[in-house]
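Residues take their numbers from the sequence shown, with the count starting at 1. One-based numbering, in listed order, for ligands and for the atoms of each.
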Amino acid sequence: MSERRQPFVAGNWKCHTTLAEATRLADDIKRRIGRLRTVEMGVIPPFPFIERVASRLAGEAIQVGAQDIYAKGSGAYTGAVSGAMLKSVGADFVLVGHSERRLIFGDNDAVVSAKLQAALNSGLQVILCIGERLEERDAGEAASACQTQLAAALQDIPKQALQNVTIAYEPVWAIGTGRVASPSQAQEIHFVIRTWITGHYDSDVAASTRIQYGGSVKPDNISGLILQPDVDGALVGGASLDADSFSAIVTASIDSSAEADSARNRF
Ligand code: 13P
């Protein structure tokens with residue numbers, strides 16, 4: 001039997017918090033869950049607060065991520081932030097392809113692919129976000145939309161680099177709407193993603209790649225999601241801005257994945 005992948009729960013703070021609020025949030029999260037070891041955790045503050053948050057979380061089991069990266073290195077690119085800069089302030093990983101980047105800032109598939117390459121070349125881990133829009137789901141194209149995004153983003157990524165990539169399935173219609181995907185809707189697409197990875201890499205890579213679910217994850221809906229065999233954690237937006245709810249989501253992820261493990265071992 002294959003080992004259960006360790007759950008990975010990350011909180012995307014998006015364009016929220018001031019320096020004082022980000023510092024307090026990091027301290028509150030650290031106090032509640034900083035010592036947990038059976039789950040991988042991350043927080044993703046806005047760029048200006050990464051260094052402060054990373055220093056408050058130094059030595060804890062909570063990684064720090066960035067919300068975006070510019071694909072070219074240093075140069076005359078006013079307003080841009082490179083991978084080397086992110087590394088130098090303590091970022092461990094970066095989000096690439098978030099739907100808000102795609103839809104608000106125009107990050108198309110080529111941009112997402114270039115950012116993914118740049119991040120890996122800079123030594124950052126990546127959470128690659130994919131997910132269908134409501135029109136695509138309604139047209140029965142949820143799976144194919146996700147496969148297309150995967151193919152575009154991962155086209156030049158060799159097998160050994162995939163160990164540095166987590167996939168986040170974030171259906172656009174579930175983000176910030178309170179309309180969470182049902183556990184079976186999430187499982188269906190997570191299975192499509194894992195099957196795609198098997199076909200384009202191999203079954204070992206597919207078995208070890210973590211696939212997070214994101215979109216209106218809250219303490220009261222995480223358990224049903226994480227019990228699904230192909231759901232390996234969560235990418236949390238709004239609920240990650242509250243230390244209590246983020247911590248509750250993290251601890252429920254451990255409890256539920258342990259429950260899923262023991263159920264699997266029974267049969
Ligand atoms: P919400 O949890 O606020 O729906 O946001 C999800 C998300 O976009 C995480 O990246």
Number the atoms of ligand 1 from 1 as they appear, then name those within less than 4.0 Å of a heavy atom of [X], with their elements.
X    : result
G215 : 4 (O), 6 (C)
L235 : 9 (C), 10 (O)
A174 : 4 (O)
G238 : 1 (P), 2 (O), 3 (O)

Report task. Name the closest protein heavy atom to atom 5 (O) of ligand 1, giving the residue it belongs to and the distance to 0.1 Å. Result -> K14 NZ, 3.2 Å

Query raised in the report: So which protein heavy atom does atom 2 (O) of ligand 1 come closest to, and at what separation?
Result: G237 N, 2.9 Å

Query raised in the report: Do Y169 and E132 have side-chain atoms, one donor and one acceptor, less than 3.5 Å apart?
Result: yes

Query raised in the report: Do E170 and H98 have side-chain atoms, one donor and one acceptor, less than 3.5 Å apart?
Result: yes

Requested in this report: Please test L103 against R133 for side-chain contact (heavy atoms from CB on, under 4.5 Å), starting from the C-alpha separation and ending with a verdict.
Outcome: CA-CA 10 Å; L103 299 172; R133 288 175 289 116; 4.0 Å; yes

With respect to [X], determine whether any N or O atom, backbone or side chain, lies less than 3.5 Å from an N or O atom of ligand 1.
X    : answer
S216 : yes
N12  : yes
G214 : no

Query - Pick from E100, Q67, H98, E170: the one approaching atom 6 (C) of ligand 1 most closely through a non-hydrogen atom - result: E170

**Report entry** Exam field: side chain Y213 to backbone A181, donor-acceptor pair closer than 3.5 Å
**Finding:** yes

Query - Side-chain donor/acceptor of R52 to backbone N/O of L19, under 3.5 Å - result: no

Requested in this report: Kindly check if the number of other-residue, nucleotide or ligand heavy atoms within 6.0 Å of CD (E188) is above 12?
Outcome: no

Query raised in the report: Under 6.0 Å from the six-membered ring centre of F191 and within 45° of its axis: does the NZ or CZ of R194 meet both?
Result: no

